[in-house]
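Below is one structure; the comments refer to it alone.
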There are 2 protein chains.
Amino acid sequence: MKAAKRTKLESKGWKLGSTADFLELTPEETAYIELKFALSKSLKERRTREKLSQNDLAKMVKTSQSRVAKMESGDPSVSVDLLVKSLIALGASPKDLAKAIA
Amino acid sequence: MKAAKRTKLESKGWKLGSTADFLELTPEETAYIELKFALSKSLKERRTREKLSQNDLAKMVKTSQSRVAKMESGDPSVSVDLLVKSLIALGASPKDLAKAIA
DNA sequence: TGCGCCTATGTCAGATATGACATATTCTGT
DNA sequence: ACAGAATATGTCATATCTGACATAGGCGCA
């Protein structure tokens, strides 16, 4: 992750990934955030693979394009619940979810 | 699941598990709920294995005994976020989480 | 029986996540 | 370079989740 991006994230709500030492993150917080990133990444991959726009996915999950963008960018305002629901909507099975996070 | 329990759940917020046909649940809702149950079960197993009371765990996660009880009972008011955070607090690794849900 | 301890259930004010909207930025093809 | 589509960012009212509290039920033990 680039320093600029990191600083930007830090300046807002975040705290993340490989910057655990730099910021004040407990191992638990780190693990939680990394889990979210793994789900985000998986979501973007799936959507892209299906050749859907964020708008398309938004309609499938009954949310808005902007929230989909936030999901995929790992925005702190997005819950694991929403990520999981969205992945399921894209056809992810429990095993798929397991693979995404392990 | 026993009919009495099912009816009780139905009468409140729920909808669940093997009763997808009986209630009006989309496959997506079913998958989501079953995921939550898998996490609930895993949480209870871990806590029990560590010989911790719900109160002990509550303090570890900075919540209350009653919320822990709700987590373990699959109460609809509990988010996947909270379940995941609690499991992580109990030392669950990404792989452990993956195993729990797959 | 009575007494701790643990767990379950209900409720609620405050905290957080949500969808929607506006708008900005980046991308893609021409 | 331009237009149009896709994606990103900011904000906000409302919906949902949260911790805390009260209280009830259960279980072993003296």
Side-chain angles (χ1 to χ4, degrees), chain A residues 1-2 4-15 29 32-33 35-37 39-41 43-89, chain B residues 2 4-16 29 32-33 35-37 39-41 43-89:
Chain A
M1 161 168 291
K2 297 190 215 78
K5 175 84 171 174
R6 179 202 298 160
T7 304
K8 192 169 184 192
L9 287 169
E10 184 195 3
S11 72
K12 308 204 212 158
W14 262 152
K15 291 188 164 186
E29 288 172 326
Y32 173 70
I33 290 172
L35 176 73
K36 281 181 65 168
F37 267 61
L39 293 174
S40 293
K41 198 179 152 209
L43 180 65
K44 186 161 198 169
E45 279 173 6
R46 269 187 179 263
R47 180 182 62 80
T48 303
R49 195 186 318 144
E50 308 276 342
K51 302 206 192 300
L52 297 168
S53 69
Q54 291 183 344
N55 233 317
D56 295 334
L57 176 55
K59 276 162 196 160
M60 292 170 67
V61 191
K62 292 206 177 106
T63 181
S64 57
Q65 177 271 323
S66 63
R67 190 136 300 278
V68 172
K70 281 168 213 205
M71 284 190 229
E72 292 183 352
S73 72
D75 190 286
S77 81
V78 173
S79 71
V80 170
D81 286 68
L82 190 57
L83 287 166
V84 165
K85 282 180 184 168
S86 301
L87 279 163
I88 290 174
Chain B
K2 296 191 215 75
K5 174 86 171 174
R6 179 202 298 161
T7 304
K8 191 169 186 192
L9 287 169
E10 185 196 3
S11 70
K12 308 205 214 160
W14 263 150
K15 293 185 161 186
L16 73 78
E29 289 172 324
Y32 174 70
I33 290 171
L35 174 72
K36 281 181 65 168
F37 267 61
L39 293 174
S40 292
K41 196 179 152 209
L43 180 66
K44 185 161 198 168
E45 278 172 6
R46 270 188 179 263
R47 179 182 62 80
T48 303
R49 195 185 320 143
E50 308 275 342
K51 303 207 191 299
L52 297 168
S53 69
Q54 291 183 341
N55 234 319
D56 295 333
L57 175 55
K59 276 162 197 160
M60 292 171 66
V61 192
K62 292 202 176 109
T63 182
S64 57
Q65 177 270 323
S66 62
R67 189 137 299 273
V68 172
K70 285 176 225 283
M71 285 191 228
E72 293 183 351
S73 71
D75 189 288
S77 82
V78 174
S79 70
V80 170
D81 287 68
L82 189 58
L83 286 166
V84 166
K85 282 179 185 170
S86 300
L87 278 163
I88 289 174

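Every chain is numbered from 1 and lettered A, B, ... according to where its sequence line falls, protein lines coming before strand lines. As the structure is a computational prediction, the values presented were derived from the model and not from experiment.
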Inter-residue atom distance [X].[atom1] - [Y].[atom2], 0.5 Å rounding:
X     : Y     : atom1 : atom2 : answer
B/R49 : B/K44 : CZ    : NZ    : 14.0 Å
A/E50 : A/L57 : CD    : CG    : 10.0 Å
B/Q65 : B/K70 : CD    : NZ    : 9.0 Å
B/L39 : B/S79 : CG    : OG    : 10.5 Å
A/Q54 : A/L43 : CD    : CG    : 9.0 Å

Quickly work out the [X] [atom1] to [N] [atom2] distance and round it to whole Å.
X     : N      : atom1 : atom2 : value
A/E72 : D/dT7  : CD    : P     : 7 Å
A/L57 : D/dA8  : CG    : P     : 13 Å
B/D81 : C/dA15 : CG    : P     : 19 Å
B/L52 : C/dC5  : CG    : C1'   : 15 Å
A/Q54 : C/dG19 : CD    : P     : 14 Å
B/M71 : C/dA8  : CE    : C1'   : 14 Å
B/D75 : D/dA20 : CG    : P     : 17 Å
B/E50 : C/dC6  : CD    : C1'   : 18 Å

Legend entry - D/dA8 phosphate, OP1 or OP2, under 4.0 Å from A/K44 side-chain N/O: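 Indeed, a polar side-chain atom of A/K44 lies that close.
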Legend entry - Short side-chain N/O contact from A/S79 to OP1 or OP2 of C/dT18, under 4.0 Å: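 Answer yes for this pair, as a side-chain N or O of A/S79 is under 4.0 Å from OP1 or OP2.
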Inset, instruction - Give a yes or no on whether the backbone of B/M71 and the side-chain of B/S40 come within a donor-acceptor separation of less than 3.5 Å. - result: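 Flag set: sc B/S40 to bb B/M71 pair under 3.5 Å.
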Inset, instruction - Please confirm whether the backbone N or O of B/V78 pairs with a side-chain atom of B/K36, one donor and one acceptor, at under 3.5 Å? - result: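 It does hold such a pair.
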Legend entry - Closest approach of B/V80 to A/V80 (non-hydrogen atoms, all atoms of both residues):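 Where B/V80 meets A/V80 most closely, the heavy atoms are CG1-CG1, 3.7 Å.
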Might you list the N or O atoms of the protein lying below 3.5 Å from N or O atoms in nucleotides 21-27 of chain C, with each pair's distance?
{"residue": "C/dC21", "atom": "N4", "partner": "A/S66", "partner atom": "OG", "Å": "2.5"}

Inset, instruction - Specify the angle, to 10°, made by the local axes at the two ends of the helix from C/dT1-D/dA30 to C/dT30-D/dA1 when five pairs are taken at each end. - result: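 That helix has its two terminal axes inclined by roughly 50°.
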Legend entry - Nucleotide of C/dG19, C/dT9, D/dG19 approaching B/T63 most closely (side-chain heavy atoms):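 Per side-chain heavy atoms of B/T63, the pick is D/dG19.
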Legend entry - Ionic contact status for B/E72 with B/R47, cut-off 4.0 Å: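 A salt bridge is present here (some side-chain N lies under 4.0 Å from a carboxylate O).
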Inset, instruction - Determine the contact category for B/V78: base if any of its heavy atoms lies under 4.0 Å from a base atom, sugar-phosphate if only primed atoms, P, OP1 or OP2 are that close, otherwise nothing. - result: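 Contact class for B/V78: sugar-phosphate only.
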